Protein chains: 2
Amino acid sequence: MANTAKFDRREVLEKATRLFWQKGFHATSTRDIQQAIDMRPGSIYAAFGSKSGLFREVLRFYAENMTDQLTRCLTANSTVLGGLRAFFRLLLLEGSSDAPSELCLLAKSLSELDEEESELLRETRALLAATEEAFRLQVEKAVGRGELGPATDTALLARQLQIQLIGLRSYLRATGDRGAVSQVIDHLFEGLPGDKS
Amino acid sequence: MANTAKFDRREVLEKATRLFWQKGFHATSTRDIQQAIDMRPGSIYAAFGSKSGLFREVLRFYAENMTDQLTRCLTANSTVLGGLRAFFRLLLLEGSSDAPSELCLLAKSLSELDEEESELLRETRALLAATEEAFRLQVEKAVGRGELGPATDTALLARQLQIQLIGLRSYLRATGDRGAVSQVIDHLFEGLPGDKS
DNA sequence: ACCATTCTTGAACGATCGCTCAACCCGACT
DNA sequence: AGTCGGGTTGAGCGATCGTTCAAGAATGGT
């Protein structure tokens, strides 16, 4: 018995993520979803419970993919800072051509979710905090390797990376100016090595 | 003849702005608006044409208020950089207690508006570009006054301010951590005076 | 071959959406 | 006092929203 003739959950989540990422939670109707993932309402509700339930899984799926991309950038570069820089360039300059939105889905959700959808908002905040913590761990590793001065405030630098990344993605959506974005990224990472107090 | 017994347009825009700022364009229903501004649908549509038309005026009203606040911060400080810093602190630390949202309404709209609502999106982008240009003019003034080195790239610095401001407001909504925000603002403005190549 | 069980289907529910319009109200002018 | 005309009103339009559920299709066990 059990799982017979089921859908491919990963594929469904991929398609749903693209849709939510492009249009946002509120502006995506369940009928949009039905069409995009080729499932009927009953099946969707059996599998995910509600539109919110599906979105919750989408948020996690998105964050997981982001983490994977960061890991890939780090292993492909000899230095931690080089890896972080590659990650920024990937999200902002290279990957953005086929991405559903210039923005981070988490930042977009943080923006549109009301306090009334408190569970989704909590989930979003938790995933963003996890991203910042991932940055902090990498910064710490960079300090350990001597890429950054030993007095580096790792929590502050991770926070700054998070702020810059979200700000840059907003800026890209506002202007579409990749040259300007590229210039800011360069200044951001060039200003790092010989660190402060 | 003409305008008899009319509503106070400014007061209406203030209330509508608070509402849209809090809930966003899509999540705000026309019935929410009717209640908030105490007008019936017919009057609203006679005055503003549509929900989009009202929102367009709200965006302009909001941007105008932001500009006023920036001007006030600049005249209240002896240096341009001090004025800019006060503006950042006002939006992020002081003013945010009674604001409808931690986020910038323009950034929020940029995030949720689809390409199909192209006129609103265009308006939003134009108002953000105007803000960046206002920053650039102030940075130029700071260079002229010797607060910044003569080789300062004013366009780049203005862009960085814009990116940081939006990023910081997102971060505040994500974490609610004013101490962290304050620390980033301090580092941001302390790193400026003795400028680069 | 036949039941038992699970998954899928799509019509349809009540709620709410943005918006319209015929009827009404009321100050301005003669 | 009477008429005119723009401003206001609120019931209600058709569309769409998130969600449900009875009925059908598909599978595994015997």
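Chain letters run A, B, ... following the sequence lines, proteins first and then strands; every chain starts at 1. None of these values were measured; they are calculated from a predicted model.
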Atom-pair distance (CD1 on B:Ile44; P on C:dG18), nearest Å: 11 Å
Rounded distance (Å) that lies between atom P of C:dC19 and atom CZ of B:Phe48: 14 Å
Whole angstrom value for the distance that separates C1' of D:dA11 from OH of B:Tyr45: 15 Å
Contact residues, residues 26-42 of chain B to DNA chain D [heavy atom, < 4.0 Å]: B:Arg31, B:Arg40, B:Pro41, B:Gly42
Distance, rounded to the nearest Å, where B:Asp8 contributes CG and D:dG7 contributes C1': 16 Å
Heavy-atom closest pair, residues A:Leu120 and A:Ser52: CD2-O, 3.6 Å
Distance (rounded to the nearest 0.5 Å) between B:Ile163 CD1 and A:Ile163 CD1: 12.5 Å
Exceeds 12 heavy-atom contacts within 6.0 angstrom, atom CD of B:Glu94: yes
Integer-rounded Å distance: C:dC17 P and B:Leu54 CG: 16 Å
A:Arg173 side chain vs A:Glu102 backbone, donor-acceptor pair below 3.5 Å: no
Earlier contact from the 5' end, DNA chain D, for A:Lys51 and A:Ser43: A:Lys51
Heavy-atom closest contact (A:Gly83 atom, A:Asn77 atom, distance): N-CB, 3.6 Å
More than 12 heavy atoms of other groups within 6.0 Å of A:Gln35 CD: no
Distance in angstrom units between B:Phe55 CZ and C:dC17 P, rounded: 17 Å
